[in-house]
Colleague: 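For reference, the structure I am asking about is given below.
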Amino acid sequence: MKNFFRDGGLAISIIALISLLLFMSVFTFMYSPDMFWILAPFIVLVSGFAIGKLIQVTRRNFQYSALITEEIKSENKMSLYSLPMGVVITDFSRKIVWYNKNFAEFFKEEAVYGNSIDVISRLPLDRFTVKGGVEIKYKDRYYRAYGNAPSDQEEKNIFLIYINDVTEHVNMQIEKKLSHPVVMLIMIDSFDELFSSSLESETAHVTVQIDRILEDFIAETTGLLRKQRDRFWAVVEERHIAKLIESKVKLLDKAREIQVNDRMNVTLSIGIGRTASTIAESEGYAKQALEMAQGRGGDQAAIKTASGFEFYGGVSKGVERANKIKARIIANQLIQLVEASDRVYIMGHKFSDLDSVGSSVGLACAIRNLGHTAHVVVDSLASLSTQLIDRLKASEEGKNSLFMSPSEAVDSITDNSLLIISDTHNPLMLESSELHLRAKQVVIIDHHRKTVNYIDNSIIFYHEPFASSASEMVTEILNYFGKAGKVTALQAEALLAGIMLDTKNFTIKTGVRTFEAAAFLRKLGADTVNVKGLFANSLESYRQKAALVSNSEIYKRCAIAYTTMYSPEMRLVAPQAADELLGIENVDASFVYYKSGGDEIYISARSLGALNVQLVMEHLGGGGHQTMAATQLHGGVTMEEAGRRLKEAIDDYYESLG
């Protein structure tokens, strides 16, 4: 069936044609009868065809009108015209055929027969149903449209549409969402260390400034604020949280402007629980968010929703904790777990480095000194610390099955075994995921900033993002192992190598506790010359590193280098090249990426602290620390695509800083 308006136009054209033929016939007969009789057969033939077509079109229009009438009769047992909602009938091209008075009031000037307005053009007429409907916005008003498309293919030329004004209902829903209560937990980072050497007057002066910042924020909202020493508890409406996020949580910047004793800046950790159904659930979300913010080093806001976490801030280095009470508590708990276990396995991350292996070896040997069985689980073939592993294997301790392959550990672990994971808390980065899944008791010792997908089934989660390395954390634990903590000189060198690797020879993220740990290891006989030898490279590795550095480019104060050449040593060369690039003037961070033997592309990132490379790598699916991070790009990504995505991540980082 043709379109009603197209058929109407065709009927007019046919009538005009017939009129023209009649006029031509009369004119020809008057001036040339002979010519008239010659053209008469043609005129009769065309006129007959036109009249037949006119009859056909007229019949179709009658059928079309009857179909509309039948549609109205079948779908409505009452007058559609007086319904308290808008009703409109359109043809298959979405042009208006008929409408009632409410539809005319809704859309006024646009409600014209034969017109196709924007509201109707946005409706999915081909799959329209009476149930559910479709919500549309038109000139600051909200409407819900319901439809009825005929099931018969032959009748899909017209559509009956009901439109109801739901503006008030939608506004109530929006207001309900905006007024939903959200819990905020705010904590002053490293409160005791921050004011440890301050006078009471100075402490009071600084805390008053912090109170004023938060009170000013609450004053702009309809919420409430409560304080307890170094933490605050607030409840505000969702509308104000949205504004806070839109400002990129300027509370963090305002707090950072406050100085203590003209040498340290105040930082805050903020946990926010959104999308919770109750205040209690929102508080639970906020606690998780605050824990995540502190686990990532503080000076940031973490927002927990039902779907995951969002992070804002995290640009400062944070304040080192001078108190070692936690290390002593962890050491005592660890000894109790070891005493209750039949054997202990200590495992690091994939492609283990000196910090991963060094911390694992130091802890394993201390546990052996306690008289218990302990093994370091490492894949020697994929490790980046082969020199250290070979040197330890040649020692007396190493000959006594100190190292064990992941497959051997999986076969020998029991339900009463203890698994200690060092230098990572990410389940995707473990040396052996299967060993972790089989372990019934798990302990985590790590210094990297907390990631969203952290291991959450551990008995002890010893996490210090302010520590320089896992080796530093293990060294502090050994201080409380008594005589068992007195490891050999070679084992002490393994721990010192881990500290030197992550601090870049005591230049990055080095605090008082770092030097105290190094001094403790030096007393145990660690030789810095021997440790330096563990960092020696082959001539080929040195050439590869030099090539990467010489081919680098500068992008927004970031040095970027890459290579299309792959060698097994590239895993070690790339991080070293990234360290070298930090020595270039006006460079805040460095990134080196290369293609692995498979389809993955690896990116190593380093900084001196001015730029948080962890946030950049998280944008690409990785993670790490503020000054040291990495990621892997999967799915056959090309080198050109990797470079583009890396620059986009850098752009997003600077944009997030405002």
Side-chain angles (χ1 to χ4, degrees), residues 190 193 263-264 297 316-324 327 348 352-363 384-385 387-388 391 422-423 445-449 464-479 487 489-537 545 572 575-584 587-590 604-614 624-630:
S190 304
E193 286 76 15
R263 58 186 178 86
M264 291 186 294
S316 70
K317 298 179 181 179
V319 180
E320 180 190 16
R321 291 196 178 106
N323 198 319
K324 296 182 181 180
S352 53
D353 56 15
L354 290 172
D355 189 29
S356 176
V357 175
S359 58
S360 299
V361 167
L363 199 53
L384 303 179
S385 308
Q387 292 187 54
L388 175 60
R391 190 179 296 182
S422 177
D423 201 31
I445 300 175
D446 190 27
H447 69 110
H448 294 98
R449 291 196 170 195
E464 287 284 0
F466 304 101
S468 69
S469 57
S471 295
E472 176 187 320
M473 296 172 66
V474 169
T475 301
E476 289 183 349
I477 290 174
L478 297 188
N479 276 278
V487 295
L490 179 57
Q491 295 154 11
E493 288 171 0
L495 287 164
L496 185 58
I499 296 175
M500 291 177 64
L501 174 71
D502 278 10
T503 61
K504 304 296 177 290
N505 294 326
F506 299 98
T507 57
I508 296 176
K509 203 169 177 59
T510 305
V512 175
R513 289 169 63 169
T514 308
F515 287 107
E516 289 177 350
F520 175 76
L521 296 173
R522 187 71 181 89
K523 289 179 182 179
L524 295 178
D527 190 333
T528 53
V529 176
N530 292 337
V531 173
K532 183 67 176 177
L534 296 174
F535 292 86
N537 294 326
K545 181 173 67 175
L572 185 62
Q576 292 177 349
D579 292 334
E580 290 289 336
L581 289 170
L582 291 178
I584 299 175
V587 168
D588 293 333
S590 61
S604 291
R606 299 290 187 270
S607 82
L608 294 173
L611 187 150
N612 191 338
V613 291
Q614 179 205 12
H625 216 281
Q626 184 174 7
T627 58
M628 185 185 308

Colleague: Can you give me the closest heavy-atom contact between A517 and I499, atom names plus distance?
Modeller: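 Residues A517 and I499, closest heavy atoms: CB-CD1, 4.2 Å.
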
Colleague: Can you tell me if S468 and D502 form a side-chain donor-acceptor pair at under 3.5 Å?
Modeller: no

Colleague: Nearest heavy-atom pair of S471 and G358: which atoms, and what distance?
Modeller: OG-C, 4.1 Å

Colleague: Side chains of E464 and E476: closer than 4.5 Å at any heavy-atom pair?
Modeller: no

Colleague: Measuring from atom CZ of R449 to atom CD of Q614, what distance do you get when rounded to the nearest 0.5 angstrom?
Modeller: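 Between R449 CZ and Q614 CD, I get 5.5 Å after rounding to 0.5 Å.
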
Colleague: Which of these, L384, D423, V361, sits in a side-chain contact (heavy atoms from CB on, under 4.5 Å) with S356?
Modeller: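 Single pass found, and it is D423.
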
Colleague: Are any of the side-chain heavy atoms of L495 and L478 separated by less than 4.5 Å?
Modeller: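 L495 reaches L478 side chain to side chain.
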
Colleague: Can Q626 and K509 be said to form a side-chain contact (heavy atoms from CB on, under 4.5 Å), step by step?
Modeller: CA-CA 9 Å; Q626 184 174 7; K509 203 169 177 59; 5.6 Å; no

Colleague: Show your working on side-chain contact (heavy atoms from CB on, under 4.5 Å) between H447 and D355 and close with a plain yes or no.
Modeller: CA-CA 11 Å; H447 69 110; D355 189 29; 3.5 Å; yes

Colleague: Can a side-chain donor-acceptor contact be found between S422 and S359 if the only test is distance below 3.5 angstrom?
Modeller: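 Yes, a side-chain donor-acceptor pair sits under 3.5 Å.
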
Colleague: For T627 and L608, work out which heavy atoms get closest and say how close.
Modeller: CG2-C, 4.2 Å

Colleague: Do the non-hydrogen side-chain atoms of I508 and M628 ever get within less than 4.5 Å of each other?
Modeller: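 With C-beta onward as the side chain, the pair stays apart.
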
Colleague: Tell me the closest heavy-atom pair linking S604 and P575, and the distance in Å.
Modeller: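 Here S604 and P575 meet closest at OG-CG, 3.8 Å.
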
Colleague: Closest approach of L490 and R391, non-hydrogen atoms and distance?
Modeller: CD1-CD, 3.6 Å

Colleague: Indicate yes or no: at least one non-hydrogen side-chain atom of L581 is less than 4.5 angstrom from one of V587.
Modeller: no

Colleague: What distance do M500 atom CE and T510 atom OG1 have between them, rounded to the nearest 0.5 Å?
Modeller: 10.5 Å

Colleague: Is any side-chain heavy atom of R522 closer than 4.5 Å to one of L496?
Modeller: no

Colleague: Apply side-chain contact (heavy atoms from CB on, under 4.5 Å) to the pair E493 and L534, showing each step before the final yes or no.
Modeller: CA-CA 10 Å; E493 288 171 0; L534 296 174; 5.6 Å; no

Colleague: Is N530 reaching over with its side chain to a backbone N or O of A526, donor-acceptor style, under 3.5 angstrom?
Modeller: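 Not at all, since once roles are kept as given, no pair shorter than 3.5 Å links the two residues.
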
Colleague: Quick check: do F466 and R513 have side-chain heavy atoms less than 4.5 Å from each other?
Modeller: no

Colleague: Check step by step if side-chain contact (heavy atoms from CB on, under 4.5 Å) holds for M473 and D446.
Modeller: CA-CA 8 Å; M473 296 172 66; D446 190 27; 5.8 Å; no

Colleague: How close do L388 and A494 get, counting heavy atoms only, and between which atoms?
Modeller: CD1-CB, 3.8 Å

Colleague: Rounded to the nearest 0.5 Å, what separates atom OG in S607 from atom CG in D588?
Modeller: 8.0 Å

